Amino acid sequence: MSTPSTTPSPAAASFLVIGERTNITGSPKFAKALKAGDWDACLAIAKQQVESGANVIDINVDEALIDGEATMVKFLNLIAAEPDISRVPVMLDSSKWTVLEAGLKCIQGKGIVNSISLKDGEEEFLRRAKLLLRYGAAAVVMAFDEQGQAATRDDKVRICTRAYKLLTEKVGFPATDIIFDPNILTVATGIEEHNNYAVDFFEATRIIKQTLPGAKVSGGVSNVSFSFRGNNPVREAIHTVFLYHAIRAGLDMAIVNAGMLGVYEEIPRDLRELVEDVLLNRRPDATERLVKFADELKAQQGGASKTEQKEDLAWRNASVEARLSHALVKGIDQFIEQDTEEARQKYPRPLDIIEGPLMDGMRVVGDLFGAGKMFLPQVVKSARVMKKSVAYLTPFMEEEKKRAIAAGGAARPNGKFLIATVKGDVHDIGKNIVGVVLACNNYEVTDLGVMVPCDKILAKAREIGADVIGLSGLITPSLDEMVHVAKEMKREGFTVPLLIGGATTSAAHTAVKIAPEYEHGVVHVLDASRVVNVVSALLSPEQKPAYLAENAAKQERQREEFHARRSRKPLLSLEQARARKQTFDWATIDIPRPEFLGTRIFSTDQSLNPQLSPLNLGDIVAYIDWGPFFSAWELHGRFPQILEDEVVGTEAKKLFADAQKLLERIVSEKLYTARAVIGFWPANSVGDDIEVYADESRSRVLTTFHQLRQQLEKARGSVQPLSRRFHRAEGQRPPRLHRRFRGHGRTWRRETRRRVQSETRRLQRDHGAGARRPSGRSDGRVFPQAGAHRVRLRQGREPF
């Protein structure tokens, strides 16, 4: 075989590395830090990716028990304050559109959204594309459509071509902002139809680059090597070789661990050739040869080899149970029928063999795979050994049924199992293994495939008389769909158990979110090897009550632990909080009246619209809140005291001086156009709500802001405020008027904290020390005069 040229191609020179370690599904370390709220650790991981050569960082915070929108915004804001990280663009990665849009609203510079697709239909695809166009973001377009995920070359090209025409012709989306992801799928799984997945990707990429001008191609590289999870040297070699060929086919960028990429020429020749045999599908035994090599490599590094040594048959001297288990774990089918027959002579019934030594071996397989000590092809081989043993036993089980029926009894059915990957999800490797394992155990399995809507699942379950329903999913939105299915099962009167499985599922999420919606048993199944024991217990009249009781008690503990973590601070009852509300004698307070009612628009540039009220950039400078500015630079303290701080004062002065110089330049050169909308309206508090009126007659309500009294207990002697500031009660003397303030672009406070503090001191002076300024919000809603208002600055044009 000739050695490929080592001269970098133009494509390789412009190739972009998208760091994957800030993706909760791509980095256990990042996932652990994010769940623990360790933001410093999260930032350190992002910084490491940039330092390792990432040109873009991929940020994904999708997890069942995490508030995706708030977490994405928090992390992006922290990144914006880190110069070493924020110098590279950000790819917002989520299966939830709301999370993507929350990120788009606070991202700086031009971002990339991963992803949109046609799986929800053209109308939704175009709607999201138009929003991305307004946000100015590039879009990763997945090769999905209404029929599912594209696996073959032709399907990849067909879907991407359709999406390209819709985006460029119907939306006017710039072709250069389109990034196609034609789906990098797992190879070397032991399943024959997966063997050509890498070749399909290379060929589809080449065609897309030739036929869809301007478009880019990307993909998640770690998917291709998932079957070798736990063997990093082999996975890194697969990634390096895959990128070598993909870049030459036209791949522009890829999501990959920037710190764990090798050099193609430095991969040992024997390993590189084995990897290329797999990726290029050059020989039918490529997977087995690479698995054997990977196993031997792991043994050389100190791990026990899992490759069967044919010359070592010492295990044949063990008991028949041990031999059956060994054969399953090692994937050896040479002696399986012989050992199965020996076991049949020993056990009263064939089913006892399946439920005994065979399932004991499969449990070991599941544990090893879960720990990363077995690879997916080996698990598939184990399932095939299991199937061969069960196939040998099947005629004897059928004969047992016939004898039972002839004697006037009824054949004992194992049960009917319905399984499906839920709507919106196309992943099915784990589901397929579950089906194989159950079928091997004489269960009648109906597999509905992927992207199956709830109504189809339940209709089919009724049609076949399913004894158990199983739901599978990999992406985060699948978890919400599973909750929906559970609710529908309850609504439609189902009583069969519901099994939950898949990579993103967890026992905690099942207990907290799904189980409360369905009362007839919701069980989380960790992996395929355990499913037979679970189904067997659920279908056994003797075992089912105790099993469900134990499962329910465990889930109740998980819910209590979850709620305990979320409820660390004591809450007052709503009645107690309302009893502690703050009161004022409005008759004694001098409330100034604004000079106008309604709205007024201000701008520093009146050339386009002379009717706008004048606004001076220099006037805005005086109202900047410098606290967040210093915090962003990791200098903590109150302004202006921070300038004289013993520890950070010197650096704070230098930073403040630099900021003043930049502000002077902004004002003198008019680098920004500032615009603002201010509105004043009369307002009353009515109970916990705020009514805003059209005019001072207060006869017509413009709108009502529905509030909830804060229930977190304050310090003794203090009051329980609303989320707004001070409002008079209905029927009292009219209070100060309130103003609505809205803008676009970068955000600066309109009034300083000094003014708010001054208002608070006046209130405390007039009404006692217990009067405190409740925490307000600056989100474009209604505020009182002492509130923190905003002017938004944006370079260039404004949408007024």
Side-chain angles (χ1 to χ4, degrees), residues 186-192 194-195 197-198 221-242 257 260 262 266-316 318 322-336 360-388 429-430 433 436-437 527-529:
T186 306
V187 297
T189 64
I191 300 173
E192 186 175 353
H194 298 176
N195 292 345
Y197 277 170
V221 175
S222 62
N223 289 347
V224 74
S225 67
F226 180 77
S227 57
F228 290 91
R229 185 181 60 174
N231 193 323
N232 284 337
V234 173
R235 292 197 73 177
E236 291 164 25
I238 294 175
H239 297 168
T240 301
V241 174
F242 181 90
N257 184 354
M260 297 180 69
E266 293 179 1
I267 300 173
R269 187 177 180 84
D270 54 350
L271 174 58
R272 190 175 71 207
E273 184 171 341
L274 289 169
V275 169
E276 287 188 320
D277 284 345
V278 169
L279 292 177
L280 302 179
N281 195 16
R282 295 194 296 207
R283 50 189 296 167
D285 61 346
T287 294
E288 292 183 2
R289 295 173 73 233
L290 183 57
V291 168
K292 180 180 178 181
F293 182 92
D295 186 53
E296 293 171 349
L297 179 63
K298 201 161 189 177
Q300 293 170 8
Q301 296 174 344
S305 175
K306 295 180 292 300
T307 303
E308 176 59 24
Q309 302 299 321
K310 293 183 180 179
E311 65 275 10
D312 181 10
L313 298 178
W315 65 277
R316 299 297 303 155
R323 277 180 272 141
L324 288 171
S325 178
H326 183 88
L328 285 169
V329 174
K330 302 297 183 181
I332 305 169
D333 64 357
Q334 182 180 357
F335 308 100
I336 192 64
D360 289 341
M362 288 306 292
R363 273 192 292 274
V364 175
V365 171
D367 292 337
L368 291 173
F369 181 65
K373 297 178 181 179
M374 280 187 75
F375 308 135
L376 187 58
Q378 293 168 309
V379 175
V380 174
K381 286 179 70 175
S382 297
R384 287 173 177 166
V385 175
M386 178 84 166
K387 187 174 184 178
K388 190 172 183 179
I429 290 180
I433 295 174
V436 170
V437 172
D527 59 64
S529 69

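For the numbers below, each heavy atom of this structure counts, side chains included, while hydrogens, waters and symmetry mates do not. No experiment lies behind these values; they were computed from the predicted model shown.
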Using the test side chain to side chain donor-acceptor pair (under 3.5 Å), find all partners of Asp360 that sit at least two apart in sequence or belong to another chain.
-> Arg363
So CG of Leu280 and CD of Glu273: to nearest 0.5 Å the spacing works out to 11.0 Å
Are side-chain heavy atoms of Arg272 and Arg269 found at a separation under 4.5 Å?
-> yes
Check whether any side-chain heavy atom of Tyr197 sits under 4.5 Å from a side-chain heavy atom of Thr189, and report yes or no.
-> no
Which atom pair, heavy atoms only, marks the closest approach of Ser382 to Leu328?
-> OG-O, 2.6 Å
Quick one: side chain to side chain donor-acceptor pair (under 3.5 Å) partners of Asp333, sequence neighbours excluded?
-> none
What are the two closest heavy atoms between Ser225 and Arg235, and how far apart are they?
-> OG-NE, 2.7 Å
What's the spacing between Glu192 CD and Asn281 CG if we round to 0.5 Å?
-> 9.0 Å
Gap separating the CZ atom of Arg316 from the CZ atom of Phe335, nearest 0.5 angstrom | 5.0 Å
Verdict with reasoning, Ile332 to Val385, per side chain to side chain contact (heavy atoms under 4.5 Å, CB included) | CA-CA 7 Å; Ile332 305 169; Val385 175; 5.9 Å; no
Looking at side-chain heavy atoms only, is the closest gap between Thr287 and Asn195 below 4.5 Å?
-> yes
In this structure, CD of Glu276 is separated from CG of Leu274 (nearest 0.5 Å) by 10.0 Å
Can you tell which of Thr186, Val278, Val291, Leu290 makes a side chain to side chain contact (heavy atoms under 4.5 Å, CB included) with Ser227?
-> Thr186
Point-to-point distance, once rounded to the nearest 0.5 Å, from NZ of Lys330 to OG of Ser325 = 10.0 Å
Asp270: partners by side chain to side chain donor-acceptor pair (under 3.5 Å), with sequence neighbours left out = none
Closest non-hydrogen contact found for Val275 with Ile238 is CG1-CA, 3.8 Å
Could you check if a side-chain atom of Asp277 sits within less than 4.5 angstrom of a side-chain atom of Arg282, using non-hydrogen atoms only?
-> yes
